[in-house]
Amino acid sequence: MSAPATFVFDFDSTLVRLETLEALADLALAGAPQAEAIRAEISRLTDAAMAGEVEFGEALRRRLALLPLTRDHVEALAGRIVDDLTPSVARNAAFFRANADRIVIVSGGFREIIAPAAARLGVPSDRIFANELVYDDEGRVTGVDARNPLSAAGGKARALEHLSLAGPVIMIGDGWTDAEVRQAGVADRFYAFTEVVRRPAVIAAADAEAASMDELLHAEGLAGRWSYPRSRMRILLLENVHPAAVERLEAEGYAVDTVSGALDEDALIARIRGVHVLGVRSKTRVTARVLAAADRLLAIGAFCIGVNQIDLEAAADRGVAVFNAPYSNTRSVVELAVGLTIALLRGVADKSAAMHRGTWNKSAAGARELRGKTLGIVGYGAIGSQLSVLAEALGMRVIFHDLTERLALGNARRAPSLAALLAEADVVSLHVDGRAANGGLIGAAELAAMKPHALLLNLSRGHVVDVEALAAALRAGRLAGAAVDVFPEEPATNADPFESPLRGLPNVILTPHIGGSTEEAQEAIGHFAAERLLAYLNRGDTNFCVNLPNVQLSEVAGAHRLLHIHRNQPGVLADLNRAMAEAGLNILGQHLKTDEGTGYVIVDVDRDYDPAALDALKAVAGTLRFRTLY
Ligand SMILES: NC(=O)c1ccc[n+]([C@@H]2O[C@H](COP(=O)([O-])OP(=O)(O)OC[C@H]3O[C@@H](n4cnc5c(N)ncnc54)[C@H](O)[C@@H]3O)[C@@H](O)[C@H]2O)c1
């Protein structure tokens with residue numbers, strides 16, 4: 001075995017996501033009249049020094065001279081520096097602690113600032129090489145100790161060359177002074193660290209680029225926090241997915257690309273290579289052809305409710321998990337249903353329209369309170385049952401009808417049948433799902449069975465109501481009004497005209513399928529779908545997956561997790577078990593879930609195994625996807 005390496009880390013913009021001098025400048029210049037100009041000059045000098053354009057010691061002296069810096073400022077930054085650890089450093093803190101005797105921090109920055117961050121990472125102070133600030137009697141910073149090699153050009157190489165560092169020496173940093181260590185022959189390899197800043201000149205001088213600690217550890221063959229560096233996992237989000245999702249996925253270390261519009265099939269095929277996760281909304285069609293071109297795809301996030309736009313079977317057949325965001329807009333639909341009910345009971349829409357035409361028509365005729373009325377909810381699922389709670393809180397009596405057994409909430413009562421519900425309800429609100437059998441669920445006969453002057457709301461699916469029959473019932477005065485948000489045929493875009501027999505009828509409120517369209521719902525969808533994707537990427541959890549067996553999993557702890565998605569065909573499990581036995585894997589936990597087409601096996605194994613043994617698992621006939629997590 002080769003000797004273990006020594007890892008030499010730069011500090012500013014590597015272990016922490018800031019430049020010390022710039023952060024000190026912010027503190028020292030707060031409220032100063034020339035602050036902007038001085039800050040700009042400090043940044044310019046930092047960049048010039050990092051890019052190798054101005055000699056380091058010269059740049060340091062000039063920057064310090066620009067600042068009215070005191071001990072208080074230095075102490076303030078030191079006191080909060082641990083909050084600024086670079087994200088991938090913070091999440092790999094265990095690596096630093098476990099390897100503290102193989103880690104050195106070398107920096108042109110200041111020991112007082114570095115020490116608390118190093119302590120947090122478990123790196124002892126005698127492994128920090130940095131400048132020492134010099135103060136005058138009043139506590140003002142006058143410069144740095146000039147005898148320290150780090151105060152001058154080439155200082156890092158000089159500070160390191162007299163140390164007898166074990167094994168190959170690996171330098172990691174973002175700046176030119178780090179590249180110089182390699183050029184001086186003091187380091188055997190140099191990684192340009194680019195999680196915080198990317199400097200092309202430094203990358204060009206490096207042996208390799210590391211966009212995170214995970215990448216570095218992966219490249220060095222060391223087990224980082226993750227089996228595969230997240231910054232190399234590409235997530236492509238189309239159609240203006242909510243920024244909350246982008247933020248969340250990036251915060252977990254993944255590389256996220258966004259496209260504002262939808263892509264057509266060919267454009268998506270051109271973009272999908274190398275993408276690990278695709279995020280779409282309702283306009284992008286993910287066809288079998290797109291999936292065939294997706295060489296790396298693990299999962300698709302539908303940042304919406306429906307998944308008709310995705311070929312779910314073709315995705316399952318390639319072991320690609322599809323997630324959506326059901327329930328994220330439930331509350332939005334419910335609130336609109338409540339509002340529409342009140343508006344219908346009071347004739348608000350027609351009265352408002354008349355006012356806009358200049359007609360004042362103050363009258364109580366036909367206007368009714370919600371309180372004490374009976375609401376009949378057809379379809380007591382997520383939306384129906386939530387509406388039940390709100391309606392009851394407003395004083396309505398609630399009855400419901402559902403095909404399956406549902407828990408009646410509050411004082412709601414199950415109606416013996418749809419017919420019984422229609423006969424009893426003052427307001428009928430439809431919340432059934434979109435299955436084909438629900439086409440024409442409410443037709444002429446059902447409308448005739450409703451109480452005279454009852455109200456009908458449809459915020460479920462357009463085909464559920466026969467709109468011709470509804471228009472006839474409204475024209476005949478059989479019903480007192482209706483609110484309809486969904487239609488059998490809806491315009492494809494906002495530019496297309498809307499045609500319907502319901503147009504122009506009294507006390508009929510028409511809305512353009514906006515039941516679930518609120519800013520809160522969009523944000524909730526962003527959060528929900530992003531969390532589902534993260535659960536799958538990070539743990540293998542398929543809870544809420546719409547096309548693979550659902551398995552809820554905990555974090556991987558102290559084990560390696562093998563994820564095997566396969567065709568549900570005879571012999572796969574036997575072959576898999578045989579391959580695991582032959583590989584001598586020590587199994588700590590196992591899950592299996594199958595549906596008609598696909599099987600999903602999750603095995604947590606002892607970390608002590610020969611990685612080559614995994615090839616046999618991948619080779620089992622019927623394997624669709626194999627992944628390891630740790
Ligand atoms: N207007 C909008 O913008 C908007 C937004 C979100 C959801 N929706 C629609 O609202 C509807 C309900 O959504 P959800 O999240 O509550 O769905 P859900 O699946 O949670 O609930 C649907 C319920 O309807 C029941 N059901 C199905 N057919 C039935 C029938 N013929 N008779 C009685 N009960 C029946 C099911 O058993 C289930 O309990 C869906 O059609 C959905 O597409 C519309």
Side-chain angles (χ1 to χ4, degrees), residues 281-283 302-309 324-341 375-391 398-409 412-422 424-425 428-443 445-447 449-450 456-467 482-491 494 498 500 502 509-525 528-529 544 546 550:
R281 290 172 60 191
S282 54
K283 290 199 182 71
F303 286 78
C304 49
I305 313 296
V307 285
N308 302 341
Q309 72 282 31
N324 65 341
Y327 315 133
S328 300
N329 62 5
T330 298
R331 180 64 183 231
S332 301
V333 180
V334 170
E335 287 190 10
L336 186 61
V338 170
L340 288 170
T341 306
L375 171 66
I377 298 173
V378 183
Y380 204 66
I383 295 174
S385 56
Q386 177 85 197
L387 175 60
S388 173
V389 173
L390 263 66
V398 177
I399 55 175
F400 68 89
H401 166 66
D402 200 293
L403 293 180
T404 54
E405 202 51 56
R406 296 279 177 207
L407 175 68
L409 300 179
R413 199 161 41 79
R414 174 182 275 273
S417 63
L418 176 60
L421 177 143
L422 296 175
E424 191 181 342
V428 174
S429 198
L430 307 176
H431 301 287
V432 298
D433 54 55
R435 69 184 76 176
N438 281 339
L441 179 69
I442 302 296
E446 288 73 23
L447 293 166
M450 286 172 66
L456 179 72
L457 279 78
N458 184 16
L459 290 87
S460 63
R461 292 297 188 93
H463 70 291
V464 172
V465 174
D466 176 346
V467 283
V484 185
D485 185 49
V486 288
F487 303 87
E489 271 145 46
E490 295 181 359
N494 285 353
F498 169 67
S500 169
L502 297 170
I509 303 178
L510 304 178
T511 46
H513 203 149
I514 49 158
S517 306
T518 60
E519 288 176 10
E520 289 85 348
Q522 286 308 314
E523 185 170 349
I525 286 170
F528 191 93
F544 283 102
V546 295
N550 282 201

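Keep in mind that the numbers below use all heavy atoms, side chains included, and drop hydrogens, waters and symmetry copies. Whatever order the structure lists ligands and atoms in, that order sets their numbers, starting from 1. The first residue of the sequence shown is numbered 1, and numbering continues consecutively from there.
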When distances are taken from atom 9 (C) of ligand 1, the protein heavy atom at minimum range is Ser460 O, 3.5 Å

If you measure every N/O of Gly516 against every N/O of ligand 1, is any gap under 3.5 Å?
yes

Tightest non-hydrogen contact, residues Asp466 and Gly443, listed as CB-CA, 3.9 Å

Atoms of ligand 1 under 4.0 Å from any heavy atom of His401, numbered from 1 in the order shown, are 32 (N), 33 (C), 34 (N)

The reported gap from CZ in Arg331 to CG in Leu390 (rounded to nearest 0.5 angstrom) is 4.5 Å

To atom 19 (O) of ligand 1, the nearest of Ile377, Ile442, Asp433 on a heavy-atom basis is Asp433

In short, Ala415 meets Leu421 closest at the heavy-atom pair CB-CB, 3.8 Å

heavy-atom search around atom 42 (C) of ligand 1 in the protein gives Arg461 NE, 4.1 Å

So CG of Asn458 and NE2 of His431: to nearest 0.5 Å the spacing works out to 8.5 Å

Closest non-hydrogen atoms of Phe498 and Ser500, given as atom of the first, atom of the second and distance, are CZ-CB, 3.4 Å

Report yes if some N/O of Thr330 lies less than 3.5 Å from some N/O of ligand 1; otherwise report no. no

Under 4.0 Å between heavy atoms, the region of Asn438 that gets near ligand 1 turns out to be side chain

Report task. Kindly indicate, with the supporting measurements, whether the criterion side chain to side chain contact (heavy atoms under 4.5 Å, CB included) is fulfilled by Asp433 and Asn438. Result -> CA-CA 8 Å; Asp433 54 55; Asn438 281 339; 3.5 Å; yes

With Leu430 as partner, the option from Leu457, Val484, Leu459, Leu456 fulfilling side-chain contact (heavy atoms from CB on, under 4.5 Å) is Leu456

The closest protein heavy-atom partner of atom 40 (C) of ligand 1 is Val432 O, 3.3 Å

Separation between OG1 (Thr341) and CG (Leu387), nearest 0.5 Å, reads 7.0 Å

Short N or O distance, Gly384 and ligand 1, threshold 3.5 Å exclusive
no

closest protein heavy atom to atom 21 (O) of ligand 1 is Gly381 CA, 3.2 Å

(message) Between ligand 1 and Ala382, is the shortest N or O to N or O distance under 3.5 Å?
(response) yes

For ligand 1, is Ile305 a contact, meaning one of its heavy atoms is under 4.0 Å away? no

Tightest non-hydrogen contact, residues Val432 and Ser460, listed as O-CB, 3.4 Å

At under 4.0 Å between heavy atoms, what of Ile383 touches ligand 1? The answer is both

Any N or O of Asn329 closer than 3.5 Å to N or O of ligand 1 = no

Quiz item: Are side-chain heavy atoms of Arg413 and Glu424 found at a separation under 4.5 Å?
Solution: yes

| Would one find an N or O of Val486, backbone or side chain, under 3.5 Å from an N or O of ligand 1? | no

**Asked** Should the heavy atoms of other residues, nucleotides or ligands under 6.0 Å from CD of Glu490 be counted, would the total exceed 12?
**Response** yes

Counting heavy atoms under 4.0 Å, the part of Val333 that contacts ligand 1 is side chain

When distances are taken from atom 12 (C) of ligand 1, the protein heavy atom at minimum range is His431 O, 3.3 Å

If you scan protein heavy atoms around atom 1 (N) of ligand 1, the nearest is Asp485 OD2, 2.8 Å

When distances are taken from atom 44 (C) of ligand 1, the protein heavy atom at minimum range is Leu459 O, 3.1 Å

Point to revise | Ring centres under 6.0 angstrom apart (Tyr327, Phe528) | key: no

Atoms of ligand 1 under 4.0 Å from any heavy atom of Arg406, numbered from 1 in the order shown, are 37 (O), 38 (C), 39 (O)

Q. Taking the side chain from Gln309 and the backbone from Arg281, do they hold a donor-acceptor pair closer than 3.5 Å?
A. yes

Correct closest heavy-atom pair for Ile525 and Ser328 would be CG1-CB, 3.4 Å

Numbered in order shown, the ligand 1 atoms found under 4.0 Å of a heavy atom of Thr404 are 37 (O)

Here the pair of heavy atoms bringing Tyr380 nearest to Leu407 is CE2-O, 3.2 Å

for atom 25 (C) of ligand 1, nearest protein heavy atom and its distance come out as Asp402 OD2, 3.3 Å

For Gly515, the atoms of ligand 1 under 4.0 Å from one of its heavy atoms are 1 (N), 2 (C), 3 (O)

Self-check item: Arg435 near ligand 1 by a heavy-atom separation under 4.0 Å
Solution: yes

If we number the atoms of ligand 1 from 1 as shown, the ones under 4.0 Å from a heavy atom of Gly379 are 24 (O), 25 (C), 34 (N)

- Message: When you measure from atom 17 (O) of ligand 1 to the protein, is at least one non-hydrogen atom found at a distance under 4.0 Å?
- Response: no

